[in-house]
Structure formats: C-alpha cells, structure tokens
2 protein chains.
Amino acid sequence: MAERQAGDGTVGKALEVLDMVAAFERPVRFSEVLEDSPYPKGTLYRLFQTLTNQGMLSYDPDRQTYGLGVRLVRLAHAAWQQSSLAPIARSYVEALSQSTGETVHLAQFDHAQVLYLDKRNALKPIEMYSQAGKVGPAYCTGVGKAMMAFLDEEEVARIISQQSFHRFTEHTLTSEDELRHDLADIRSKGFGMDREEHEPGIICIAAPILTPGGRVLGGLSVTSTTAQKSLADLEALAPQVQATAQNIAVEAQNWHFPDQATDTIRTGT
Amino acid sequence: MAERQAGDGTVGKALEVLDMVAAFERPVRFSEVLEDSPYPKGTLYRLFQTLTNQGMLSYDPDRQTYGLGVRLVRLAHAAWQQSSLAPIARSYVEALSQSTGETVHLAQFDHAQVLYLDKRNALKPIEMYSQAGKVGPAYCTGVGKAMMAFLDEEEVARIISQQSFHRFTEHTLTSEDELRHDLADIRSKGFGMDREEHEPGIICIAAPILTPGGRVLGGLSVTSTTAQKSLADLEALAPQVQATAQNIAVEAQNWHFPDQATDTIRTGT
DNA sequence: AATCGTGTTTCAAATAGTGAAACTGCCTTG
DNA sequence: CAAGGCAGTTTCACTATTTGAAACACGATT
C-alpha cells in the first residue's frame with residue numbers, strides 16, 4: 001500500500017524496482033522480487049540488468065543476490081549537501097539540542113512519509129547514515145503533522161489518502177477526522193505535539209519551517225520522554241522551537257550558493 | 001570525461017541527468033543542465049519532470065531550481081545498510097582507528113572512482129574533508145590502488161581508461177605505466193601505499209578486502225600525515241591492516257541476514 | 001535420467017521516447 | 001509602449017525501445 005504511483009514510463013518502473021529491493025532490507029534474489037512485482041520475468045530481468053549496469057543495484061555473484069548499489073550513496077551525499085535543508089540547518093539544530101538538552105529532529109516529506117534528514121542527540125555522539133534517511137509515518141509524528149498543517153489542501157488530501165492510520169499506541173489518531181482536527185489546531189497555534197501517538201512514553205513538540213510565502217520547507221522537533229518532561233514542559237519550548245524554525249527559514253532564503261563552486265576536493269586515501 | 005557509459009536506454013539517460021545535477025554541487029536551473037546535456041530541450045525537460053515526479057529531483061519554485069531529491073537519501077540509507085560492507089565493517093574500522101590512533105577509511109568502487117563508505121577519525125583529527133558518500137580518484141589513493149591491484153584485468157583496463165592522471169602533487173603517478181608498476185608491487189605485497197600522491201603531507205597504507213575466492217569487496221586504509229608518521233611507520237602497520245581487512249571479509253562471508261527482518265522501526269518524532 | 005526451480009534469451013507487437021519547432025509568458029530594451 | 005529576447009513548456013509525426021509470452025539453458029534435486 002501507499003505505493004508511489006508509477007506511470008512515469010520506464011524510469012518510474014525502474015525506480016519502483018529500487019524501492020522494492022529497498023523494502024526487503026537485505027540482499028534479495030531475483031525471484032523474490034519477481035513475486036512481488038507486477039512485471040513479467042523478462043521485463044524485470046532487463047530492469048535488473050540495467051540498474052546493475054548503472055551501479056544502482058549491486059550484484060553478489062557468490063550468493064546470487066542483489067542489493068542497492070553504492071552509486072546511491074554518492075548521489076545521496078550530493079542530495080543531502082545541495083538540495084535539502086540539512087546543511088543550512090545543522091548549526092541551528094545543534095544549538096537547539098544543546099539549549100534544550102533533548103533530541104532534535106529535522107525532517108522533510110518524501111512522498112507521503114516523513115523522512116529524517118538530521119538528528120541531534122544532546123548526550124550521545126553523532127552517527128551518519130544510520131539516522132539520516134530513516135522514514136516514519138506522517139499522521140502520528142510531530143514533524144509530520146506540523147508540516148501537513150501548512151500544506152495545500154490538495155497535498156494534504158494526497159498524503160492522508162496514503163496513511164495507514166495504524167494504532168501504534170492508545171493515543172494514536174486513527175482517523176482522518178481526528179487528524180484533520182489536530183491539523184487545524186496546529187495551524188492556529190503554529191506548532192504541534194506528539195502526545196505518545198507513535199511510541200508510548202515518547203512525546204515531542206514540532207514546528208514547520210516555512211518560507212515567507214508560506215511554503216513548507218521542512219519540520220523541526222524536540223523529542224523527550226514522559227519520564228523526563230511533561231507535555232506542558234515541552235509546550236513551554238514552543239517559542240524556542242518556532243524561533244529556530246524561523247531562523248532556519250531565513251537562512252535558507254538568504255543562502256546563495258557560490259557562483260562557481262571552487263572547493264578543492266580534499267579526500268582521504 | 002570519465003562519463004558513465006550511457007546506452008542503458010531511458011533509465012540510463014535519467015540517471016545520467018541525476019549525475020549532471022549532482023555535478024553542479026548546488027541547485028541548478030533547467031537551462032544550465034541543458035547546456036551540458038546532449039539531449040534536446042524537450043527530451044531533457046520530460047526527464048526532469050519524470051524525475052521530479054518521482055522524488056529523485058526536487059524543485060524549488062521560488063528560485064526555479066532543481067536539486068537532488070530526498071528520495072535518494074532514503075534509498076541510500078537502505079543501500080548503506082543492506083548492501084555495502086559498511087555496517088559489517090563498522091566495529092572493525094572503529095577498532096583499527098583506536099589501536100592505530102589514526103584515521104581509517106572504508107571504501108568501494110563506484111564505477112571508476114573510489115567511494116568512501118565510512119570513516120573513523122582518531123583523537124587527533126587530520127585536516128581532511130571526507131566522509132560517507134564522498135568520492136576520490138582511483139589512481140592516486142591508497143584504497144583505490146589496493147582494490148585495483150586485485151581486480152580482473154578487464155576491469156582494471158576499464159578503470160584505468162577513465163582516470164585523468166592529473167598531477168595533484170609531485171609524487172602523483174601520472175601514467176598508466178607507473179600505475180601498473182605499482183599495482184604489480186601491491187599485488188605481490190598484499191598492501192599498497194599512498195606516498196603523498198593525492199595531497200602533500202598525507203600518506204596512507206591500504207589493503208583490499210577480498211573474498212576467499214579473491215573477489216574484491218572493498219578497501220581499507222589507515223591515513224596519517226608526514227608530520228606524524230613516516231612511510232616506514234605506516235608500513236609497519238601492514239599486518240594489522242591486512243588482518244582487519246581479512247576479518248571483515250570473513251565476517252561478510254559468514255553474515256546471514258535474518259530470514260525475516262522483524263525490526264520495529266523506532267524513530268523519533 | 002527425469003524433474004524442478006532459477007535465471008536468461010528471443011521476437012513480433014505494442015508502447016514509449018525523440019526532437020524539431022512552435023508557443024507562452026515574463027523580463028529587458030529601444 | 002511595443003519589440004525582442006530568454007527560459008520554460010507543449011505539440012506531434014517519426015522511431016526506437018520496451019514489452020511479455022514463450023522457449024531455452026543449467027544446476028540442483030529426486
């Protein structure tokens with residue numbers, strides 16, 4: 001369910017295959033993917049060949065399995081650097097994490113899911129791809145709801161139509177009605193809360209990152225546990241979270257990439 | 001130069017476009033890419049539409065620019081986890097960094113370039129800009145040469161044909177002959193050195209990670225500076241580096257992914 | 001030796017991609 | 001203010017690629 005609509009020709013199909021391989025979360029055999037795929041054997045085979053050729057899939061001849069290819073890692077590095085909010089927001093995320101002493105997340109939408117671009121844990125050290133790149137549901141996370149509240153109705157409808165409304169906890173909003181009610185509330189307040197809706201004991205406050213024109217760039221959240229903070233405690237952080245989101249938005253607006261990238265590539269060996 | 005050969009139909013072209021966008025290292029306008037592209041305007045335009053639709057490119061309507069899309073970040077996260085050596089090697093890389101007190105890199109080939117999958121910086125951080133997803137030249141990096149030395153002649157030829165042999169320093173190997181000579185030496189010794197071939201003052205020792213069958217899985221290197229260590233000092237680490245590479249290879253061979261991935265996705269909000 | 005399950009190749013029919021050129025709308029210029 | 005230029009978008013006849021059923025290989029069972 002919640003499949004990205006194909007129909008973008010061959011390219012769409014190829015990317016769908018990548019998603020299918022990714023969904024297994026381990027190297028897969030050709031036939032495993034074939035079972036889940038709507039394409040005939042020959043067609044899928046050729047797609048695999050093409051993608052492997054292109055470095056988007058990697059083939060392990062010993063085990064006869066396919067995995068996602070390293071080319072993706074290179075592209076993602078470039079994506080993270082160039083087109084997302086992450087590099088711009090980094091110092092702000094860091095500062096917010098320091099001053100609150102809690103975990104801070106930066107996220108954007110990927111299709112109908114929340115995709116985490118960065119995470120800062122006040123106490124623990126940083127890891128790279130282990131956290132950036134994770135996805136979560138839109139309807140029961142703070143950032144998901146905060147961003148949704150400020151999207152066009154058209155997009156909101158598209159996203160909502162692809163939510164599972166699975167009940168993770170007793171507080172999960174499990175219907176479009178409940179969600180829309182919360183979104184309206186978030187829209188008027190300017191920030192949203194996750195009241196143990198995704199995981200028991202985990203609460204958070206989140207604000208959208210908006211352009212001056214009101215377009216959603218991303219979302220920012222401060223997460224804590226019920227053991228450490230109450231909902232009211234978190235709500236008291238609202239001005240701080242919103243101010244940080246605002247600062248990131250301004251920075252993003254002002255940021256101009258150098259006319260000519262002149263960085264010397266300095267890599268290790 | 002060193003372009004990934006197209007010819008894989010539409011999918012190949014679409015991916016080539018992604019590479020072109022990535023190459024700019026900043027958001028680009030449609031026409032900028034058009035200039036560099038061999039495709040007519042209409043065709044390129046349709047590719048952009050498709051890729052944007054699919055979340056592989058993102059469009060900023062305010063600035064009318066395209067960047068690489070967040071979907072790549074999600075896919076790369078999956079790629080890093082599932083198909084590369086990185087998760088398996090992580091603890092070994094860490095340990096090697098600890099025991100040597102130097103920076104350790106883990107890399108694989110992406111097409112004809114060295115792609116860094118992981119990096120562990122010891123306590124004394126070296127002034128160096130590399131991390132997961134970065135790429136470097138194959139002919140003048142320790143890991144690049146160490147891996148190349150153990151590839152099939154066919155692949156070596158392909159890779160060599162795409163090297164620029166740009167002279168980064170006075171020690172850079174700038175011809176196929178010099179490189180092949182060094183590769184032969186590496187093959188006999190089982191490890192290779194970077195003797196300030198890429199950056200002045202930066203030296204390293206590297207070993208390939210090989211399957212029992214002799215297939216190249218990746219490369220591992222320990223990097224230092226001439227200020228801290230001599231080439232002889234590094235060479236003394238050869239047994240340790242090779243042993244670590246061997247351990248990673250064994251681990252990779254033994255590793256079986258769980259029959260059914262049952263991880264509950266626990267993300268923040 | 002026969003069977004099964006993978007993976008690979010083939011080929012006419014169907015589909016999707018191509019690219020020259022025309023169009024739109026905005027921004028600059030005379 | 002009109003004319004021209006530029007960036008982006010759309011169109012459409014032509015072509016090349018993709019499709020998918022089916023047959024083929026080949027190693028691993030039985």
Side-chain angles (χ1 to χ4, degrees), chain A residues 3-21 24 26-54 56-69 83 213 215 256-257 259-260, chain B residues 3-21 24 26-54 56-69 83 211 213 215 256-257 259:
Chain A
E3 216 65 355
R4 196 179 294 258
Q5 80 227 33
D8 276 309
T10 321
V11 175
K13 285 167 201 167
L15 296 175
E16 204 187 325
V17 169
L18 288 183
D19 272 350
M20 286 194 282
V21 173
F24 279 91
R26 62 182 170 80
V28 283
R29 318 201 75 207
F30 173 72
S31 55
E32 293 180 284
V33 179
L34 182 59
E35 283 178 22
D36 287 14
S37 113
Y39 309 114
K41 206 163 33 162
T43 301
L44 187 69
Y45 179 70
R46 192 160 30 71
L47 282 174
F48 266 67
Q49 297 261 93
T50 304
L51 289 169
T52 304
N53 237 333
Q54 292 291 330
M56 300 297 278
L57 289 178
S58 66
Y59 181 64
D60 179 338
D62 292 348
R63 297 173 206 245
Q64 299 193 165
T65 56
Y66 292 87
L68 296 174
S83 103
R215 195 161 50 82
H256 280 223
F257 281 81
D259 291 326
Q260 193 63 29
Chain B
E3 214 68 354
R4 196 179 293 259
Q5 80 228 33
D8 275 309
T10 322
V11 175
K13 285 167 200 166
L15 296 175
E16 203 185 327
V17 168
L18 288 183
D19 272 351
M20 286 193 281
V21 173
F24 279 90
R26 62 182 169 80
V28 282
R29 317 206 62 182
F30 172 72
S31 54
E32 293 181 283
V33 179
L34 181 59
E35 283 178 25
D36 288 13
S37 113
Y39 309 114
K41 201 159 40 157
T43 300
L44 187 68
Y45 180 70
R46 192 163 27 73
L47 282 174
F48 266 67
Q49 297 263 94
T50 304
L51 289 169
T52 304
N53 233 334
Q54 291 289 331
M56 301 297 278
L57 289 177
S58 67
Y59 181 64
D60 179 338
D62 292 348
R63 298 173 205 245
Q64 300 193 165
T65 55
Y66 292 87
L68 296 174
S83 103
T211 64
R215 195 162 49 84
H256 280 222
F257 281 82
D259 291 326

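Each chain gets a letter, A, B and so on, in the order its sequence line appears, and its residues count up from 1.
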[N] [atom2] sits how many Å from [X] [atom1], rounded?
X: A:K13; N: C:dT15; atom1: NZ; atom2: P; answer: 10 Å
X: B:L47; N: C:dA16; atom1: CG; atom2: P; answer: 15 Å
X: A:D8; N: D:dT18; atom1: CG; atom2: C1'; answer: 16 Å
X: A:L34; N: C:dG5; atom1: CG; atom2: C1'; answer: 12 Å
X: A:Y39; N: C:dA16; atom1: OH; atom2: P; answer: 11 Å

Please examine the side chains of A:P27 and A:R63, heavy atoms only from C-beta on, and report whether any two atoms are closer than 4.5 Å.
->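 A side-chain contact is absent here, since even the closest heavy-atom pair is not under 4.5 Å.
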
Non-hydrogen side-chain atoms of B:D19 and A:Q54 separated by less than 4.5 Å |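 Answer no - side chains too far apart.
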
Pairs under 3.5 angstrom, nitrogen or oxygen only, protein versus nucleotides 6-12 of chain C, please.
from	atom 1	to	atom 2	distance (Å)
C:dG7	OP2	A:S31	N	2.9
C:dG7	OP2	A:S31	OG	3.4
C:dG7	N7	A:K41	NZ	3.3
C:dG7	O6	A:K41	NZ	2.9
C:dT8	OP2	A:Y45	OH	3.3
C:dT8	O5'	A:Y45	OH	2.9

Option passing side-chain contact (heavy atoms from CB on, under 4.5 Å) with B:L51 (candidates B:V21, B:L15, B:V17, B:L68) |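 Single side-chain contact (heavy atoms from CB on, under 4.5 Å) partner of B:L51 among B:V21, B:L15, B:V17, B:L68: B:V17.
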
Minimum heavy-atom distance between B:Y39 and B:K13, given as atom pair plus value =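 Answer, listing the atom of B:Y39 first, then B:K13: OH-CG, 2.9 Å.
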
What are the two closest heavy atoms between A:L34 and A:P40, and how far apart are they?
->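 So the two residues come closest at CD1-C, 4.2 Å.
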
Among B:Y45, B:F30, B:F48, whose ring-ring contact (aromatic ring centres under 6.0 Å, His included) with B:Y66 holds?
->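 Only one option passes, and that is B:F48.
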
